[in-house]
Amino acid sequence: MKLLVIGCGGVAQVAIQKCCQADDVFTEILIASRTKSKCDALVEKIKDKTKAKLSTAKVDADSVDEVVALINNFKPAAVLNVALPYQDLTIMEACLKCKVDYIDTANYECENTDDPVWRAAYEKRVKEKGFTAYFDYSYQWAYDKKFKDAGVCALLGTGFDPGVTQVFCAYAQKHYFDTIETIDILDCNGGDHGYAFATNFNPEINLREVSANGSYWENGKWIETEPLEIKREYDFAQVGVKDMYLLHHEEIESLAKNIKGVKRIRFFMTFGQSYISHMNCLKNVGMLSTVPVNFEGKDIVPIQFLKALLPDPATLGERTKGKTNIGCIFTGVKDGKKKTLYIYNVCDHQECFKEVGSQAISYTTGVPAMIGTMLVCKGVWKKAGVYNCEEFDPDPYMDALNKYGLPWVVEENPDLVG
Ligand code: NDP
């Protein structure tokens with residue numbers, strides 16, 4: 001089966017190597033990105049380890065026409081988008097035109113949040129829904145009918161969070177609960193890369209997410225907080241006690257829609273004090289802005305300039321030590337009795353580096369990107385329309401997590417988050 005992968009950054013490099021491990025499914029892979037030399041370097045590194053036939057191309061995925069031309073030329077069964085959330089809609093549009101399946105790991109964000117058309121739609125959505133994050137699923141869900149009519153599948157957000165966390169929810173719902181009442185998604189990175197400040201995935205996307213207002217879903221509506229206003233401590237298996245902060249996160253929106261009867265959904269991520277101090281300072285001086293400023297005759301977007309200064313997340317692997325622990329804590333009812341459950345994965349940064357030359361954040365995203373793509377390509381998770389991960393049978397995905405390097409643990413009666 002032929003697969004087109006768009007993007008060749010930290011996440012893509014893991015996803016592609018994992019697709020190469022499943023070369024009985026992915027027999028031909030075209031890796032296309034903005035900088036072709038990165039694709040060529042990756043092929044050089046991995047070509048002797050797989051039977052899959054690998055090729056590369058240059059593409060600007062902001063252009064629907066360029067992606068359409070690439071698809072028409074290569075004729076893949078599916079396109080895995082592991083570029084940036086800014087390209088989601090152009091790549092979806094191209095897949096629709098060519099009638100091929102579409103898979104991604106992050107929901108659409110607009111690159112220029114000052115664009116007046118986008119701003120007007122955004123202001124309306126903030127009023128209607130009650131959260132101010134720059135990203136939401138409305139843009140991609142709006143494609144559902146078009147994908148249904150075209151008979152193609154779009155699988156949204158098959159990374160770890162979003163992605164595996166929603167599969168954990170579907171699995172808990174299927175096997176452990178009659179009703180899930182609360183979900184706490186806990187994302188802990190206990191890794192240390194030794195830099196005073198660096199982000200584990202694309203800095204622009206990461207810093208926009210963390211510096212924004214937090215929010216959670218309770219009793220049918222969104223409750224918004226100041227950035228990093230809600231802080232809790234949790235003792236994570238194999239990592240230890242960490243501070244974690246409540247963030248807005250995209251899977252809350254789809255879980256609120258798809259897990260019937262859920263009363264509260266929250267998302268927490270761990271951060272060290274050094275990360276937070278650096279981020280606040282950069283925010284205060286305007287370095288996280290996406291609005292161009294003119295510097296000595298040239299327009300510069302501050303956060304993109306910052307990205308050029310920070311370590312490339314794809315290079316952190318060699319230096320990062322420690323483990324991640326990401327999962328979901330559920331409370332609810334089974335057979336008339338109250339019940340609590342924790343499903344999580346622990347992933348070791350150094351083990352990931354040994355296997356694929358990347359740190360665990362890229363690994364925990366790239367492996368599920370491959371698994372979602374594989375299930376769509378094999379027809380196991382294929383339905384015409386636009387879907388999130390909790391809308392399919394979780395069992396084959398959970399089996400694949402065990403097989404491809406992200407084994408999970410089910411723990412009854414865990415400590416709950418206050
Ligand atoms: P990187 O910045 O490392 O890589 C992005 C890649 O996309 C680069 O190869 C870049 O090319 C390419 N690219 C950017 N713009 C274009 C364009 N217009 N046309 C073609 N290619 C383009 O990002 P990451 O690998 O860290 O992240 C990839 C995705 O994964 C993001 O969407 C991120 O939000 C998502 N993610 C999801 C997670 C989850 O758990 N669900 C967790 C972490 C990340 P170039 O080399 O030229 O810069």
Side-chain angles (χ1 to χ4, degrees), residues 4-17 30-42 56-67 70 79-91 94 103-109 111 133-135 140 155-168 185 187 189 198-210 247 249-251 254 267 269 303-304 306-308 310-317 324 326-327 345 347 356 358-372 388-389 406:
L4 168 60
V5 181
I6 301 185
C8 196
V11 172
Q13 298 202 12
V14 176
I16 293 162
Q17 291 184 68
L30 171 60
I31 307 162
S33 192
R34 186 167 55 184
T35 312
K36 184 173 174 291
S37 56
K38 282 194 195 168
C39 311
D40 293 334
L42 178 67
T56 64
K58 176 175 167 52
V59 72
D60 176 3
D62 290 326
S63 155
V64 177
D65 290 347
E66 278 198 32
V67 181
L70 200 62
V79 177
L80 169 59
N81 166 17
V82 262
L84 295 178
Y86 308 143
Q87 283 83 47
D88 286 4
L89 301 187
T90 44
I91 300 176
I103 299 106
D104 72 25
T105 65
N107 84 347
Y108 172 67
E109 279 186 61
E111 188 159 15
Y134 280 143
F135 47 90
Q140 291 182 279
L155 175 63
L156 306 184
T158 176
F160 207 106
D161 42 342
V164 175
T165 49
Q166 288 142 284
V167 177
F168 285 171
I185 302 166
D187 178 331
N189 181 7
T199 63
N200 295 299
F201 68 97
N202 183 284
E204 194 175 335
I205 307 298
N206 177 263
L207 290 166
R208 268 171 77 158
E209 174 178 292
V210 179
L247 301 184
H249 224 247
E250 63 207 66
E251 65 265 52
S254 72
F267 180 97
M269 193 178 270
I303 198 164
Q304 289 178 358
L306 175 65
K307 181 182 179 218
L310 291 175
D312 179 349
T315 64
L316 294 177
T324 61
I326 318 176
N345 160 262
C347 190
V356 294
S358 298
Q359 34 84 358
I361 304 301
S362 301
Y363 191 90
T364 54
T365 312
V367 172
M370 181 283 278
I371 291 173
N388 294 85
C389 289
L406 294 176

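One-based numbering, in listed order, for ligands and for the atoms of each.
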For the residue pair Q87 and E111, confirm or rule out a side-chain donor-acceptor distance under 3.5 Å. no
Does some non-hydrogen atom of G163 fall short of 4.0 Å from ligand 1? no
Using a strict cut-off of 4.0 Å, indicate which atoms of ligand 1 neighbour a heavy atom of K38. 45 (P), 46 (O), 48 (O)
Nearest to atom 47 (O) of ligand 1, what protein heavy atom do you find, and at what distance? T35 OG1, 2.4 Å
Would a distance-only check, ignoring hydrogens and angles, find a side-chain to backbone donor-acceptor pair under 3.5 Å from Q140 to L156? no
Per-atom contacts, ligand 1 versus D62 - under 4.0 Å to a heavy atom: 18 (N)
Does C8 reach ligand 1, in the sense of a heavy atom lying below 4.0 Å from it? yes
Close-contact set for ligand 1 against A61 heavy atoms, below 4.0 Å: 17 (C), 18 (N), 19 (N), 20 (C)
Considering only protein heavy atoms, which is closest to atom 13 (N) of ligand 1, and at what distance to one decimal place? A83 CB, 4.1 Å
Counting from 1, what ligand 1 atoms have a heavy atom of V59 closer than 4.0 Å? 19 (N), 20 (C)
Could you check whether E204 and Y86, counting side-chain N and O atoms only, form a donor-acceptor pair closer than 3.5 Å? yes
G366, S33, S37: member with heavy atom nearest to atom 12 (C) of ligand 1: S33
Just going by heavy-atom distances, which of P85, S358, G10 is nearest to atom 3 (O) of ligand 1? G10
Output the list of atoms in ligand 1 that are nearer than 4.0 Å to some heavy atom of V82, sorted by atom number. 28 (C)
Residue I205 vicinity, atoms of ligand 1 by number, heavy atom under 4.0 Å: 34 (O)
For Y108, enumerate each residue passing the ring-ring contact (aromatic ring centres under 6.0 Å, His included) test, keeping only those at least two apart in sequence or located in another chain. Y139
Within-4.5 Å side-chain heavy-atom neighbours: D161 and F267: yes
Give the atom numbers and elements of ligand 1 that come within less than 4.0 Å of a heavy atom of F160. 39 (C), 40 (O), 41 (N)
Excluding sequence neighbours, so at least two apart, what forms side-chain hydrogen bond (donor to acceptor under 3.5 Å, both in side chains) with E66? none
Polar contact flag, side-chain donor to acceptor under 3.5 angstrom, T56-D40: yes
Among protein heavy atoms, which sits nearest to atom 4 (O) of ligand 1, and what does the distance come to when rounded to 0.1 Å? G9 CA, 3.3 Å
Give a yes-or-no answer on whether the side chains of Q166 and S254 include a donor-acceptor pair shorter than 3.5 Å. yes
Hey, is the main chain of G157 close enough, under 3.5 Å, to the side chain of D104 for a donor-acceptor pair? yes
How far is atom 24 (P) of ligand 1 from its nearest protein heavy atom, and which residue and atom is that? V11 CG2, 3.9 Å
Which of the atoms of ligand 1 are close to D161, meaning less than 4.0 Å from one of its heavy atoms? 39 (C), 40 (O), 41 (N)
Shortest non-hydrogen pair, I361 vs T365, comes out as O-OG1, 2.8 Å
Which heavy atom of the protein is the closest neighbour of atom 48 (O) of ligand 1, given with residue, atom name and distance? R34 NH2, 2.8 Å
Quick test: of every protein heavy atom, which one is nearest to atom 2 (O) of ligand 1, and how far off is it to 0.1 Å? N202 ND2, 2.7 Å
For atom 30 (O) of ligand 1, what is the closest protein heavy atom, and at what distance to 0.1 Å? T105 OG1, 3.1 Å
Going by the side-chain hydrogen bond (donor to acceptor under 3.5 Å, both in side chains) test, name the single residue among N81, T105, N107 that passes it with D88. N81
